Amino acid sequence: MTSFLRSDRSRPVAVWLFAVAVLVLAMVVVGGATRLTDSGLSITQWKPVSGALPPLNTQDWNDEFSRYKEIPQYAQLNKGMNLQAFKRIYWWEWGHRLLGRLVGAAFGLPFLYFLVRREIPRRLIWRCAVLFGLGGLQGLVGWWMVASGLAGRVSVAPERLATHLGLAFILLAALVWTALDAWAGAPRVKAQTPWIGYAFGLMGLIFLQILLGALVAGNDAGLVYNDWPMMNGALFPKDYAGTSLWATLAHSQAAVQLHHRLTAYLLLGVAMFVAVAARRARELAPEAKTLAVLVAGAVGLQACLGVATLMTHVPIALGMAHQVMAALVLALAATFTWRVRRL
């Protein structure tokens, strides 16, 4: 009888997890397009199973359109929209939800297959189960976000958008980390170095910047203060403060954009410092040094994309590129942190 654990690593499992990470990245791309085209509220019901099928006839389309006409976004922003225009935004949201279902299937079915065949290293089984749970939670959070825009608002709540996007990026980073563990196996010796803290700190700062970017997106704050490095010719925006601390932090267009700018400067400086220090660190492996430089380069490119996106008033192509680059930056930072922890 074969033992349950034949090895502490599995290349097929690693390839599967990397493939799911690519699908999650695709979800981020389509989700960004859905937001940029104001399509996210076009489907006003949450039907996890039956919702997989789009409208199949004229009556179905009219019913979907009628439900959309009942929400504030239609009444205040899209009054007079015809059915063809509605279909254009509908397909973006439907595609986003369909991708979510595909990600669930692409994770769940192989997970069961590898589990039955006992190919998943024992130390990674619980982690894969948690990843599956996070994927399901992401669907619930997505509907919680959409529901915030169906009454009393013309768009989703920025803080809920940040939660939804943040969870997607956590899932992406965790998939990459777990795939690397499955590919390389358990470390024979774990490194004992302050660089582990530095790497986690850099990754945390990148994640914070992603959340701040989500607040910018949720408030359409990229459509104001479109000069750089000043903000309408001033260092500090005049309408920074909201009616309360929370209103300022989460809902003030001026504040969320300023916070995103300032954190970008800090992140760029930290990433460059880490890259230079890593090149000089004797205790780091050559791969870790290379990854540190790649992270810094990706952060620099992302900063340039951010400025270009802002100054061109957030065209869809640049907005999507900026979001994709954020995902790649976090994935690289996760890989760097993973490598630093291993001798």
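Fair warning: this is a prediction, and the values are worked out from it, not measured in the lab.
Hydrophobic side-chain contacts under 4.5 Å tie Val116 to no other Ile, Leu, Val, Met, Phe, Trp or Tyr residue.
The side chain to side chain contact (heavy atoms under 4.5 Å, CB included) test applied to Ala321 returns Leu305, not counting sequence neighbours. Glu283 pairs by the side-chain hydrogen bond (donor to acceptor under 3.5 Å, both in side chains) definition with Trp195, not counting sequence neighbours. Residues meeting the side chain to side chain contact (heavy atoms under 4.5 Å, CB included) test with Ala75, sequence neighbours left out: none. Not counting sequence neighbours, Trp177 has no partner by the side-chain hydrogen bond (donor to acceptor under 3.5 Å, both in side chains) test. Every side chain to side chain contact (heavy atoms under 4.5 Å, CB included) that Ile210 has, sequence neighbours left out, goes to Leu165, Phe169, Ile206, Ala326, Leu330. Qualifying ring-ring contact (aromatic ring centres under 6.0 Å, His included) partners for Trp183, counting only residues two or more places apart in sequence or in other chains: none. With sequence neighbours excluded, the residues forming a ring-ring contact (aromatic ring centres under 6.0 Å, His included) with Phe86 are Phe65, Tyr68, Tyr90, listed by chain and number. With sequence neighbours left out, Phe107 forms a ring-ring contact (aromatic ring centres under 6.0 Å, His included) with Trp16, Phe111, Phe132. In this structure Arg35 satisfies the side chain to side chain contact (heavy atoms under 4.5 Å, CB included) test together with Leu161, Ala217, Gln323, sequence neighbours excluded. In this view, Arg261 satisfies the salt bridge (charged side-chain N to carboxylate O under 4.0 Å, His left out) rule with no residue, not counting sequence neighbours.
In Tyr265, the OH atom is crowded: over 12 heavy atoms of neighbouring residues, nucleotides or ligands sit closer than 6.0 Å.
Here ring-ring contact (aromatic ring centres under 6.0 Å, His included) pairs that include residues 218-244, with residues two or more places apart or in two chains, are Phe236-Tyr240, Tyr240-His259.
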